[in-house]
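Data block below; observations after.
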Amino acid sequence: KHQMQARRDSLEELESEFSGFFQGVKEVLIARDKKELKGIHGAVAELIQIPESYMTAIDTAIGPQSQHIITDSSQDARIAIDWLKKKRVGRATFLPLQVMKSRKINEFTLKSIQDHPSFVNTADKLVNYSEGYQIIVENLLGNIIIAKDLKGANEMAARLQYKFRFVTLDGDVVNAGGSLTGGSVKQQSSLFTRKAELEQLNIKLVELEKSVLEAEVSVSKRKQEVQDLKIDLEDTRISGEQLRELEHKLLSESRECAAIISRLTSQLLEYDEEKTEKNHHHEGLVQKKAQTAARSKEINESLISIQKTIDELQSLKQQSL
């Protein structure tokens, strides 16, 4: 992140100082920012954006024209030129919106090459720009055709009788008239690539800031979860100690209960023995009572019989008298 910020700050410093611009262009842009010159919109490189996939092709196609300065009118351009002369700080090319004309290739001409597998589009269709600059883009790029490769570019140029300029995605060129320009290109940061890199860095830094913020929120959440877990762990530890104390208490009570149960069981056994013995004694008494009752009945019956006999003897005695 720090490296990205340092790179962004470096690029922003280059942008603010208009590093890479010709001296005259730089002076005009600085004067614009200081309100010393009016009607100055800016350099072409400031006002159009090139997608990364077309960067090499469009950068090659537009070349030094990226430093042309767009103005409201021809008068604004003349005033700026007079200012440069007076200050003796260089030269610049101006593109007055008031008089610039489109140089787009007509659709009928394009139809003859649009079916070629190497055809991409005209260069003006592949860039992005702020509203109001279409005429400038069409003037600078409307008559340049982007091709996928040099072979295809050459074939399409032949179809159009070498009237137009073709640029490949690798930066090779078939010039109007048929000459070819190409080869290896030393990789260097152009005004467009610098601006694109700055935009990408800003996007990445925003995403990184978002990721960092989300990470900080996540870490904060995790810290809170850890703190909550520590509290829960402490509560669990305290609860565990309380449970162990309760366990010891219950074990002690259990042993006391076991002793009481053992004592009661012993007493119950004794009681059962006494009960059995008493039951036997009771059965003996019941049996003895039954025997006594039976004997009493026999005695009563005997007494009745004896009384009957006495009564009979008394009766006979009375009769004999």
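Every heavy atom of this structure was used, including side-chain atoms; hydrogens, water molecules and symmetry mates were not. The residues of the chain are indexed from 1 along the displayed sequence.
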Distance-only criterion, 3.5 Å: show the donor-acceptor pairs between side-chain atoms of residues 74-84 and protein atoms not counting sequence neighbours.
unit_1 : atom_1 : unit_2 : atom_2 : d
D76    : OD2    : S73    : N      : 3.3
D76    : OD2    : S73    : OG     : 3.0

For residues 225-244, which residue pairs qualify under salt bridge (Lys or Arg N to Asp or Glu O under 4.0 Å), counting only residues two or more places apart or in two chains?
R222-E225, E234-R237, R237-E241

Charged N-O contact under 4.0 Å between E283 and K288:
no

Once side chain to side chain donor-acceptor pair (under 3.5 Å) is applied, do any residues pair with T60, and if so which ones, sequence neighbours excluded?
none

Has T309 got a side-chain atom pairing as donor or acceptor with S305's backbone, closer than 3.5 angstrom?
yes

Please go through L110's hydrophobic cluster and name the other residues, only I, L, V, M, F, W, Y counting, with side-chain heavy atoms under 4.5 Å joining them.
I105, I113, F119, I145, L150, M156, L160, Y162, F164, F166, V174, L180

Contacts of Q98 that satisfy side chain to side chain donor-acceptor pair (under 3.5 Å) - sequence neighbours left out:
none

For residues 142-161, pull every pair meeting salt bridge (Lys or Arg N to Asp or Glu O under 4.0 Å), keeping only residues two or more places apart or in separate chains.
D115-R159, K151-E155

Taking only distance into account, with no hydrogens and no angle test, what donor-acceptor pairs under 3.5 Å do side-chain atoms of residues 257-266 form with protein atoms, sequence neighbours excluded?
unit_1 : atom_1 : unit_2 : atom_2 : d
T265   : OG1    : I261   : O      : 2.5

With E298 via salt bridge (charged side-chain N to carboxylate O under 4.0 Å, His left out) - residues at least two apart:
R295

Please check if the side chain of N121 supplies one atom and the backbone of K125 the other of a donor-acceptor pair under 3.5 Å.
no

List for me each residue that meets side chain to side chain donor-acceptor pair (under 3.5 Å) alongside T93, sequence neighbours excluded, and say none if there are none.
none

Can you list the other members of the hydrophobic cluster that holds L233, where links are side-chain heavy atoms under 4.5 angstrom apart?
none

Do any N or O atoms from the side chain of N139 and from the backbone of K101 form a donor-acceptor pair under 3.5 angstrom?
yes

Residue list, side chain to side chain contact (heavy atoms under 4.5 Å, CB included) with K289, at least two apart or on another chain
none

Heavy-atom side-chain contact between L29 and E46 under 4.5 Å
yes

Contacts of type side chain to side chain donor-acceptor pair (under 3.5 Å), residue H41, not counting sequence neighbours
D72, Y133

